[in-house]
Amino acid sequence: MKLYNTLTRDVQDFAPADGNTVKMYVCGVTPYSSTHVGHALSYVAFDTLRRYLEFLGFNVRHVQNFTDVDDKIINRAQEQGIEPDVLAEEFIDDFYRTMDALNIKRAHVYPRATQEIGPIIETIQKLIDSGSAYPGGGDVFFRVTQKDDYGKLSHRTLDGMQAGARIEVDENKEHPMDFVLWKGARAGEPSWESPWGPGRPGWHIECTAMSMTYLGETLDIHGGGQDLIFPHHENEIAQSEASTGQKPFSRYWVHNGLLQLGADKMSKSLGNLVSVEEALDNYSPDAIRLYFLSSHYRSPLSYTDEGCDAMERSADRLRNVLREETHSNGVGMDPTPFRDQFISGMDDDLNTPKALAAMFDLSREMNRQRDDGNSITKAQECLRQLGSLLGLTFKERETHLKVDAESYNALVSKIRDQVSGTDHAGLVELISNVYTESIKTVFAENIDQLISIRAECRNYKQYVLADEIRAWLDSQGVSVEDSASGSIWSYRPVS
RNA sequence: GGCGACGUAGCCAAGUGGUUAAGGCGGAGGUCUGCAAAACCUCUAUUCGGCGGUUCGAAUCCGCCCGUCGCCUCCA
């Protein structure tokens, strides 16, 4: 497949260094707040990349870190009066729950900065020994001038960056762009012993130490959001290649475009975040994934409720074509041309909009073939497989019925009044089976019962009553679809 | 100020030199249905922000202009 490489700024044929195993390191989160939809976009993108590489036959080794010690965590923990590690643990749990809910495959290893202090210190020592880093005032800094290609990922030069730089002046730094590898301990902060005194790792260094520990000195793919290109990934390259002697730290750099909320970027400092939990309250995981995959992973995308609504409906379109079995023994439809289209899209730098178009084309053809009496069983299998490459489950939406019991009771009495005294024996019998007292909660069984009553109404051509039942169900968020084989209902939350 | 991305139908979004400009949502009409829904069919951009240029040929390449956004500071 072809993949865009931020380092070279072009699309290249992808192949792992050793022929089969793909070493993929994806930058994880700093766990100090709820997982938001921007995170979800990024990890859906890399999950999709991983699934596709596995489909191509590669053995993907996926490592993703937690930077579980950092100013933000420490500050937030202090505000809440709890220990930083307790806070981090809480949001790491939140992260796992969220990823699972979105059907994002778990990485093989999730190293945490605080559990890798040894390798971090070793890496820093190596950098000091080779002249790439120097201690100063309890901290240790990376010497950017030592790396003549510093800036190659973000395509900047030291001079260009200093022009508009908003960097704090630090007396201990030799060069304003030098960055901290080890932060000397301050009172009340977590710290570890080191050759330079007690302290904690700086940002960047944990990724170098952890990726090398779990994947070796050269990665095939290093991924993250575009906001990490500078300074995070630039600095990772600098320190990693300085420590290994210029071996390429990562052969491909893959970055996803950022999710925006309305007109603005969604970011922690702006505070305009939508948590994944909120999104999942209103939309199915499939709809959220489809929304992210409907635009190319490198393009920015605006998160809107309207967009999610539209994607929920398109998810329904896919679910519908998988819902019914084929009842015919006509010729089986061959899904191969659509599958080929899908794959050619995915091969082209993960062009998921193109792949999705192939899925929708396939669905339309399946519906046509089924209408013509042909079997679509094989095509349904194909659609499920293509969907699974995108992490789609095609599961029906969760049905947390929130039906008003009072209104239900009123409807039942009304039906009873209208039916009693008629000679529609079947109907009279059905309604007599309905619990006569008022109920407090409406369950799926109650809905099933109403559906049966409505079916009987239709048998007796009592369409007014049948339509009244359907209208009431609709008002409660329950959609009814009649077909030759009976009626099915589904719940869609009413807003 | 430096670096970069983008501007395609009512909305979202592929396409980046050459047959009728994908797909989704929405809308209009039709088929099916007791009526709906779902599904299917037809229609919904003679044109790709604007103006020039290169070319036999441009949404696609070049220049300028207008507009939107990102990074340069914590961020997926």
Side-chain angles (χ1 to χ4, degrees), chain A residues 9 26-30 32-33 35-46 64 67 70-72 75 151 154-157 159-168 203 223-232 234 255-260 263-270 273 290-291 294-296 298-302 304 306-307 309-321 323-324 341 345 348 351-361 363-372 458 461-464 466-467 470-471 474 479-484 487-490:
Chain A
R9 284 179 166 166
V26 179
C27 270
V29 295
T30 298
Y32 77 96
S33 63
T35 310
H36 61 71
V37 283
H39 296 132
L41 167 74
S42 183
Y43 298 120
V44 162
F46 287 103
Q64 188 168 315
T67 299
D70 150 285
D71 289 347
K72 302 266 181 183
N75 295 341
S154 51
H155 302 97
R156 297 157 202 234
T157 59
D159 290 346
M161 281 185 280
Q162 282 180 83
R166 285 166 276 178
I167 26 181
E168 289 175 47
W203 187 26
Q226 280 172 354
D227 51 350
L228 295 180
I229 294 172
F230 190 90
H232 187 51
E234 193 67 64
H255 293 99
N256 63 274
L258 301 181
L259 190 68
Q260 327 227 137
D264 296 316
K265 182 184 78 154
M266 185 177 311
S267 84
K268 294 184 177 178
S269 54
L270 291 174
L273 303 171
L290 281 169
Y291 189 41
S294 71
S295 99
H296 187 85
R298 284 193 282 116
S299 303
L301 177 68
S302 285
T304 63
E306 294 72 30
D309 285 331
M311 279 305 147
E312 193 71 79
R313 284 189 286 268
S314 62
D316 280 337
R317 189 171 174 74
L318 298 174
R319 292 179 188 120
N320 285 340
V321 74
R323 195 143 63 185
E324 287 177 56
Q341 272 296 107
D348 180 17
N351 189 332
T352 52
K354 201 169 154 187
L356 282 176
M359 281 182 74
F360 286 109
D361 284 339
S363 300
R364 166 164 288 118
E365 186 58 23
M366 286 165 70
N367 282 320
R368 272 192 204 129
Q369 295 278 339
R370 178 165 51 197
D371 288 353
D372 289 349
R458 295 176 68 220
K461 301 206 187 302
Q462 294 294 308
Y463 293 122
V464 175
D467 289 351
R470 183 172 63 195
D474 189 67
S479 314
V480 182
E481 288 179 39
D482 300 329
S483 77
S487 303
I488 52 171
W489 62 271
S490 55

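Chain A is the first sequence line, chain B the second, and so forth, proteins listed ahead of strands; every chain is numbered from 1.
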Quick one: does [X]'s side chain get under 4.5 Å of [Y]'s, heavy atoms only?
| X | Y | result |
| --- | --- | --- |
| A:His39 | A:Val29 | yes |
| A:Lys72 | A:Asn75 | no |
| A:Tyr43 | A:Asn256 | no |
| A:Ile488 | A:Arg323 | yes |
| A:Met366 | A:Gln369 | no |

**Study point:** Residues A:Arg364, A:Asn367; criterion side-chain hydrogen bond (donor to acceptor under 3.5 Å, both in side chains); working and verdict
**Key:** CA-CA 5 Å; A:Arg364 166 164 288 118; A:Asn367 282 320; over 6 Å; no

Integer-rounded Å distance: [N] [atom2] and [X] [atom1]:
| X | N | atom1 | atom2 | value |
| --- | --- | --- | --- | --- |
| A:Leu301 | B:A76 | CG | P | 18 Å |
| A:Arg370 | B:A38 | CZ | C1' | 9 Å |
| A:Gln462 | B:A36 | CD | P | 19 Å |
| A:His255 | B:C72 | NE2 | P | 13 Å |
| A:Asp227 | B:A5 | CG | P | 18 Å |
| A:Leu258 | B:C74 | CG | C1' | 13 Å |
| A:Asn320 | B:A39 | CG | P | 5 Å |
| A:Asp361 | B:C40 | CG | P | 11 Å |

Expressed as a whole number of Å, how far does the [atom1] atom of [N] sit from that of [M]?
| N | M | atom1 | answer |
| --- | --- | --- | --- |
| B:A45 | B:U20 | C1' | 13 Å |
| B:G23 | B:U42 | P | 11 Å |
| B:U31 | B:U46 | C1' | 30 Å |
| B:U44 | B:G7 | C1' | 22 Å |
| B:A14 | B:U73 | C1' | 35 Å |
| B:C61 | B:A22 | C1' | 23 Å |
| B:G27 | B:C11 | P | 15 Å |
| B:C41 | B:G49 | C1' | 35 Å |

Report the nucleotide, chosen from [options], that has the shortest atom-to-atom distance to any side-chain atom of [X].
| X | options | answer |
| --- | --- | --- |
| A:Asp482 | B:C74, B:A38, B:A36 | B:A36 |
| A:Arg156 | B:C71, B:A14, B:A76 | B:C71 |
| A:Arg458 | B:C35, B:A22, B:A13 | B:C35 |
| A:Gln260 | B:C40, B:G70, B:A76 | B:G70 |

Review point. Starting at the 5' end of RNA chain B and moving along, which residue's nearest nucleotide shows up first, A:Asp371 or A:Gly28?
Key: A:Asp371

**Study point:** Closest-nucleotide ordering on RNA chain B, the 5'-leading residue of A:Ser295 and A:Glu481
**Key:** A:Ser295

At under 4.0 Å between heavy atoms, what does [X] touch on the DNA or RNA strands: base, sugar-phosphate, or nothing?
| X | result |
| --- | --- |
| A:Asp467 | base |
| A:Asp70 | nothing |
| A:Tyr43 | sugar-phosphate |
| A:His296 | sugar-phosphate |
| A:Asp71 | nothing |
| A:Val480 | base |
| A:Arg319 | nothing |
| A:Gly224 | sugar-phosphate |
| A:Arg470 | base |
| A:Ser479 | nothing |
| A:Asn256 | base |

Any [X] side-chain nitrogen or oxygen under 4.0 Å from OP1 or OP2 of [N]:
| X | N | value |
| --- | --- | --- |
| A:Arg364 | B:G23 | no |
| A:Ser299 | B:A14 | yes |
| A:Asn367 | B:C40 | yes |

Exercise for review: Find the distance between CG (A:Leu301) and OG (A:Ser295) and round it off to the nearest 0.5 Å.
Suggested key: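 The distance works out to 4.5 Å.
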
Could you tell me which residues satisfy side-chain hydrogen bond (donor to acceptor under 3.5 Å, both in side chains) with [X], sequence neighbours excluded, listed by chain and number?
| X | value |
| --- | --- |
| A:His232 | A:His204, A:Glu236 |
| A:Asp482 | A:Arg454, A:Ser487 |
| A:Ser299 | none |

Review point. Does A:Ser154 offer a backbone N or O that forms a donor-acceptor pair with the side chain of A:Glu234 under 3.5 Å?
Key: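 Looks like yes, one N/O pair under 3.5 Å.
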
Exercise for review: Please lay out, stage by stage, how A:Asp316 and A:Arg313 fare under the test salt bridge (charged side-chain N to carboxylate O under 4.0 Å, His left out).
Suggested key: CA-CA 5 Å; A:Asp316 280 337; A:Arg313 284 189 286 268; over 6 Å; no

Point to revise | Nucleotide-level pairing of RNA chain B, given in dot-bracket where Watson-Crick and G-U pairs need both distances under 3.5 Å and | marks other strands | key: ((((((((.[[[..)..(....]]]((((((.......))))))....[[[[[..)....]]]]])))))))....

Point to revise | A:Phe46: ring-ring contact (aromatic ring centres under 6.0 Å, His included) partners, not counting sequence neighbours | key: none

Where do N or O atoms of nucleotides 25-31 of chain B meet protein N or O atoms at under 3.5 Å, pair by pair?
| residue | atom | partner | partner atom | Å |
| --- | --- | --- | --- | --- |
| B:C25 | O3' | A:Arg313 | NE | 2.9 |
| B:C25 | O2' | A:Arg313 | NH2 | 3.3 |
| B:G26 | OP1 | A:Arg313 | NE | 3.0 |

Practice item. Answer with yes or no whether A:Arg368 presents, from its side chain, a donor or acceptor under 3.5 Å of a partner atom in the base of B:C41. Key: no

